[in-house]
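What follows is a single structure, written as C-alpha cells, with notes after it.
Atoms within each ligand, like the ligands themselves, are counted from 1 in listed order.
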Amino acid sequence: MLDKMSPNQTAARVLDGKWVRDQILAELKPRVQKLTAAHRPPGLAVILVGNDPGSEIYVRLKIKTCGELGIYSEKITPPETITTGDLLGIIEGLNQRPEIDGILVQTPLPPQVDKDRVLRTMSPDKDVDGFHPLNVGALVENIPGPRACTPVGIMEMLRRYDIPVAGRKAVVVGRSDIVGKPMALLLLHANATVTICHSHTSNLAEECRRADILVAAIGRAGLITREHIQPGATIIDVGMNRKPDGKVVGDVNPDDARALAGAYTPVPGGVGPLTIAMLMANTVEIAERHLCSA
Ligand code: NDP
C-alpha cells in the first residue's frame with residue numbers, strides 16, 4: 001500500500017535528519033529554560049571508558065549539544081582497564097546524585113566489563129538510552145518510559161515527514177537490542193505489519209521487496225540494493241560503515257535508493273542526527289519527571 005507518486009515524480013525524496021533534529025532541539029529549548037528557571041537545568045552524565053576514537057567523537061558531540069541547549073553535562077573518563085566493579089561503583093554514585101537526571105554509558109565497552117551488569121545497575125529512572133530491562137519491558141508493553149534513541153528518532157522522522165505507518169508493511173533488517181528489535185516494536189505499536197530479518201533470513205531480497213517502509217540496521221556497507229527495494233518504498237538507512245578512506249557509508253546503495261525509492265535517508269545526514277536529538281529529548285523528559293512530580 002504505497003503512497004501514489006505523481007506522474008512527474010522521478011527522484012526519491014531525501015529525508016533530512018538535520019532538519020528533523022533542528023526542529024526537535026528547537027522544541028526542547030524552552031522546556032529546558034522552564035526547568036532551569038523553576039528548579040535547575042536537566043543533568044546528563046556520560047561515561048566514556050578508554051580512548052576509542054569513534055566514541056570520543058560521539059561523546060564530544062553529545063556534550064556540545066547539551067551545552068547548546070542549556071543541559072548540564074558531565075563527562076567521566078575511566079581508563080580502558082577499569083573493572084566491572086569499579087564501573088558499577090561510578091554508576092551507583094551517579095544513581096544517588098539528584099542533579100543528574102540521565103546516565104549514558106558509551107559503547108563499545110572493553111571486553112573485561114560485564115555490559116549486562118552495567119545496564120542492570122543503572123537506575124531505570126536515569127536510563128536515557130532506554131536499554132535497562134525494565135524500560136525494554138515498558139516498550140514491549142507500550143507503556144511510557146525512555147525509548148532507544150535511534151529507533152524513536154526514526155519514528156519522529158516518519159511522523160514529521162507525514163509518512164504513514166499504520167496499515168503499512170514494514171521490514172526491519174537487523175535484530176539488535178539497540179536498533180532492530182526496538183525499531184520493530186515501535187513500528188508494531190504504530191500499527192504497521194512488521195517483519196524482522198537477520199543473518200539467517202533465507203530470502204532477504206524477497207522479504208525486503210514487500211516493504212512499504214524498509215529499515216536497514218545491519219552494519220554491512222551497501223548490502224541493500226535495487227533487488228531489495230519495492231519501487232516507491234520509504235528506505236531508512238541506519239548503517240554507519242567506515243570505509244578504509246575514512247568515508248562513512250550506509251547499508252543501502254544510495255544510487256539504487258535514489259532511483260527506486262519514494263523517500264530515503266542519506267548517510268551521513270539521515271538517521272545519525274536523530275539519535276543525539278532523541279538523547280536530549282529523553283534527558284529533558286526524565287528531568288521533567290524528576291522535577292515536576294517532586
Ligand atoms: P549489530 O551488529 O548489533 O546487529 C546487526 C544485525 O544485522 C544483526 O541482527 C544481524 O543478524 C544482521 N545482519 C548481519 N548481516 C546480515 C545479512 N547479511 N543479512 C541480514 N541481516 C544481517 O548492529 P547494530 O544494530 O548495533 O547497528 C547496525 C548498524 O547501524 C551499524 O552500522 C551501526 O554502526 C549503525 N548504527 C547507527 C546509529 C545511528 O545513529 N545512525 C546508531 C546505532 C547503530 P544476526 O542477529 O542474525 O547476527
Exercise. With a cut-off of 4.0 Å, which atoms of ligand 1 are near a heavy atom of Val271?
Worked result: 41 (N)
Problem set entry | Pro42 vs Leu291 side-chain heavy atoms within contact, under 4.5 Å | no
For this session: Please determine if Asp251 has a nitrogen or oxygen closer than 3.5 Å to a nitrogen or oxygen of ligand 1.
Result: no
Problem set entry | Shortest protein heavy-atom distance from atom 26 (O) of ligand 1, along with the residue and atom involved | Ile178 CD1, 3.5 Å
Problem set entry | Any side-chain heavy-atom pair of Leu187 and Met155 under 4.5 Å | yes
For this session: Report yes if Ser199 has an N/O atom closer than 3.5 Å to an N/O atom of ligand 1; otherwise report no.
Result: yes
Exercise. Where is the nearest protein heavy atom to atom 27 (O) of ligand 1: which residue, which atom, and how far?
Worked result: Val179 CG2, 4.4 Å
Problem set entry | Nearest protein heavy atom with distance in Å, relative to atom 29 (C) of ligand 1 | Gly219 N, 3.7 Å
Exercise. Below 4.5 Å, heavy atoms only, C-beta onward: do Gln106 and Lys62 meet side chain to side chain?
Worked result: yes
Exercise. Got the closest protein heavy atom to atom 4 (O) of ligand 1, with its distance?
Worked result: Ser176 CB, 3.8 Å
Problem set entry | Proximity flag Cys197 to ligand 1, non-hydrogen atoms under 4.0 Å | no
Exercise. Do Val171 and Ile213 touch side chain to side chain, with heavy atoms closer than 4.5 Å?
Worked result: no
Problem set entry | atom 46 (O) of ligand 1 [closest protein heavy-atom partner, distance rounded to 0.1 Å] | Arg175 NE, 2.7 Å
Exercise. Is ligand 1 under 4.0 Å from a heavy atom in the side chain of Thr201, in the backbone, in both, or in neither?
Worked result: neither
Exercise. Do Asn191 and Val165 come within less than 4.5 Å of each other through their side chains, counting heavy atoms only?
Worked result: no
Exercise. Atoms of ligand 1 less than 4.0 Å from Thr150 heavy atoms?
Worked result: 40 (O), 42 (C)
For this session: Classify the side-chain pair Arg210/Gln230 by whether it contains a donor and acceptor separated by less than 3.5 Å.
Result: no
For this session: Could you check if a side-chain atom of Leu214 sits within less than 4.5 angstrom of a side-chain atom of Ile224, using non-hydrogen atoms only?
Result: yes
For this session: Taking the side chain as every heavy atom from C-beta outward, state whether Ile236 and Thr234 have any pair of such atoms under 4.5 Å apart.
Result: yes
Seminar exercise, completed: So CZ of Arg60 and OG1 of Thr65: to nearest 0.5 Å the spacing works out to 12.0 Å
Exercise. Between Val179 and Pro151, which heavy-atom pair has the shortest distance, and what is it?
Worked result: O-CG, 3.7 Å
For this session: Measure the distance from atom 32 (O) of ligand 1 to every protein heavy atom, then report the residue, atom name and distance (to 0.1 Å) of the closest one.
Result: Met240 N, 3.0 Å
Problem set entry | For atom 14 (C) of ligand 1, the protein heavy atom that lies nearest, with its residue and separation | Ile218 CG2, 3.6 Å
For this session: Kindly identify the option in Thr275, Ile236, Val238 whose heavy atom sits closest to atom 37 (C) of ligand 1.
Result: Val238
Exercise. Any non-hydrogen atom of Asn241 lying under 4.0 Å from ligand 1?
Worked result: yes
For this session: Decide, yes or no, whether a salt bridge links Arg160 with Glu156 under the criterion of side-chain N to carboxylate O below 4.0 Å.
Result: yes
For this session: Answer with yes or no whether Ala217 contacts ligand 1, where contact means a heavy atom under 4.0 Å from a ligand atom.
Result: yes
Exercise. What protein heavy atom sits nearest atom 20 (C) of ligand 1, and how far away is it?
Worked result: His198 O, 3.2 Å
For this session: State the atoms of ligand 1, each with its element, that fall below the 4.0 Å cut-off from a heavy-atom position in Gly272.
Result: 40 (O), 41 (N)
